[in-house]
Protein chains: 2
Amino acid sequence: MTKPPSLQDVARAAGLSPATVSRFLNGSLHLPPETAERINSAIATLNYRPNPHARSLSRGRSDTIGLVVPDVANPFFARLAAAVEHHAGQAGLGLMLCSSVNRQTRELDYIERLRRNHVDGLLFTTNHQDEHQALRRAIDANRNIVVMDEDVEGTSVPKVFSDNLLGGRLAARHFLAAGHRRLAYVGGPRNIMTSRERARGFSEEAVTRGGEIVTELFGHYTMDYGRAAMEMLIDAYPEVTAVFIGADQVMYGMAQVAKERGKRLGADLSIIAYDDVGPLSLLDPPVTAIHQPVEDIGRIGFELLMARMAGDMSTPVIRLPVTLVERSSVRSL
Amino acid sequence: MTKPPSLQDVARAAGLSPATVSRFLNGSLHLPPETAERINSAIATLNYRPNPHARSLSRGRSDTIGLVVPDVANPFFARLAAAVEHHAGQAGLGLMLCSSVNRQTRELDYIERLRRNHVDGLLFTTNHQDEHQALRRAIDANRNIVVMDEDVEGTSVPKVFSDNLLGGRLAARHFLAAGHRRLAYVGGPRNIMTSRERARGFSEEAVTRGGEIVTELFGHYTMDYGRAAMEMLIDAYPEVTAVFIGADQVMYGMAQVAKERGKRLGADLSIIAYDDVGPLSLLDPPVTAIHQPVEDIGRIGFELLMARMAGDMSTPVIRLPVTLVERSSVRSL
DNA sequence: ATGAAAGCGCTAACAC
DNA sequence: GTGTTAGCGCTTTCAT
């Protein structure tokens, strides 16, 4: 187990200085073919590999970005991660992944990595309220960070969201057009942007068109909360005929309980879910949904981060349109 | 924009040597409270942050591991990634994610990062045949690598798989017990381990019990291939009454086509899928499946990697048992 | 065009 | 216990 060869060794073997070899390898120098060949063969015979840490230390950056998501196992964030990874790979950047499980310490940890220049930039996604404004402060203390999907309120960084208000409106319009009047909303935490906006778009549009919001249930973007919400809906609000659900995951939980309790979605209770990531067309019944352009969110988030890293200090807030995909979970009354 | 403080600066401010401060910060030294306090307050007033690249360069490792998967957007790999990330986080390790899209250059790139010590270890997952044995060679040229889920044949590294043979047998037994005799298999590439083993376990058990394998369709672990396979099945093998499907994704494609062509799964054609990641209980019909312990695969893969990195050069091959989860996609004849 | 040399910030032998 | 010192391997002024 001998020490691996360094740039020095290559330079020596090629009869050149390390500086020249370094420049050549980084493309900042064009050498006569003969010299280039000497270097290349030295590299080949020594089996030389550049050391990325030395490079990072010297240059002060790592050609790596970070992505924090609440949970990669959630299909929405999995697809977001795939999109980001794809673009990072194209740009020659590595991707560090942090699945925060919504624990603020994990999130802050990761932002700290950015401060230490462990990563050159950070794509940030969260799912819960920013307790004590700790996230806001941490995020604002950094340059190269962009927020996706869910807001961290008060921060001034580039952001990309889907148009939650529009999504809510589309859902309301669809229900009303099908003759529903007594509606409910089931979503994530009351005090986070996505949940609030989805509820607001829904209720404003519904009321405008003569509908009534019987109840708004705020909880978490989880299957478990979906289960709880469905129990409550069945027990406490039997008059509701249609529910707008803030996320696929929540809908899954609700569908389970509906099944267990013999309530037929579509026939007995109409639903529309927000996200439209899983295979909603194959469910029983196929679920009508507000489709989020998750790949676009990832791509644009990445582009915003690149712009930041290139020195653009503007703080655009981009809202991507959503569409309603009609399937069979809304019954006409 | 002044230069950030270094360990040197902290040491100076605390009236100590950098070595002492370094040792103190790394916990390899216990200082009298008074001295410790001097250091801590110096750190606080200077707002000092250690530089991870300098640390990595100096120590020759990065406290980061890599994970390569064919596609994080695929729920199976998403959950695998979540499991790995969880354990890496617990162990204080960062996680670099590579979604290879099954492109061998991406896979090799990532193995190369391991060689350069960019990451200290690598968890490797692939989905396609190892063309020209390039993967085998690259993997065998490294120490700290473990293979999960799908084999890279010929490599001598720790591995963790699910028990594909068992899965095939369970599926066959279930079909036969329900009275099915004319069976088919639809799976991934013909020449990769998971696909071969699932097919083999299925056909051996089926034949033993008096069943007949009408056809085996090998393709890819994708929805698109599922669609193609279902077309073929309907058109060319109408006598088949039950199909064992090598992956959730493939099943989704088949279910779409079944729906389009008016073939009712369960009633007209019984199916069992391998994986059981998505919400199979909510599909129409709920799909009976061979359940893969994906979180365990991730955890054990991680543990094997830790053992390797700690110097254990054994090469265990672990096969995790699978179970059949009965739902309603198999009809009794 | 090419080389010499000074870092980048930290860790770890080795010494006191 | 604490400090001195020599790297870790690369990049990049600054000379030549």
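Every chain is numbered from 1, with letters handed out A, B, ... down the list of sequences. When reading the values below, keep in mind they use all heavy atoms of this one structure, side chains included, and skip hydrogens, waters and symmetry mates.
We find that CZ of B/Arg55 is positioned 12 Å from C1' of C/dA12, with the value rounded to whole Å. D/dT12 atom C1' lies 14 Å from atom CD of A/Gln8, rounded to whole Å. Atom CZ of A/Arg12 and atom P of C/dT2 are 20 Å apart (whole Å). In this structure, B/His118 places its NE2 atom 15 Å from C1' of D/dG9, rounding to the nearest Å. Atom NE2 in A/His53 sits roughly 15 Å away from atom P in C/dC10 (whole-Å rounding). Spacing between atom CG of B/Leu57 and atom C1' of D/dG7 amounts to 9 Å, rounded to whole angstrom units. In this structure, CG of B/Asn51 is placed 11 Å from P of C/dC8, rounded to the nearest angstrom. For the pair B/Asp63 CG and C/dT11 C1', the computed distance is 13 Å after rounding to whole Å.
Side-chain contact annotation: B/Arg61 with B/Asn144, donor-acceptor N/O pair under 3.5 Å absent. No hydrogens or angles considered: nothing links the side chains of B/Glu150 and B/Thr126 as a donor-acceptor pair under 3.5 Å. If you check the side chains of A/Ser99 and B/Glu85, you find no donor sitting under 3.5 Å from an acceptor. No donor-acceptor contact under 3.5 angstrom links the side chains of A/Thr155 and A/Asp140, judged on distance only.
In the region residues 14-26 of chain B, proximity to DNA chain C at under 4.0 angstrom, judged on heavy atoms, holds for B/Ala19, B/Ser22, B/Arg23, B/Asn26.
Contact check on B/Asp109 versus B/Arg106 returns no salt bridge, with no Lys/Arg side-chain nitrogen under 4.0 Å from an Asp/Glu carboxylate oxygen.
Annotation: of the two residues near DNA chain D, B/Ser58 and B/Pro32, the 5′-most nearest-nucleotide partner is B/Pro32.
Taking only side-chain atoms of A/Arg59, from C-beta outward, the nucleotide of D/dT12, D/dG9, C/dG9 with the closest atom is D/dT12.
B/His220 NE2: 12 or fewer foreign heavy atoms inside a 6.0 Å radius.
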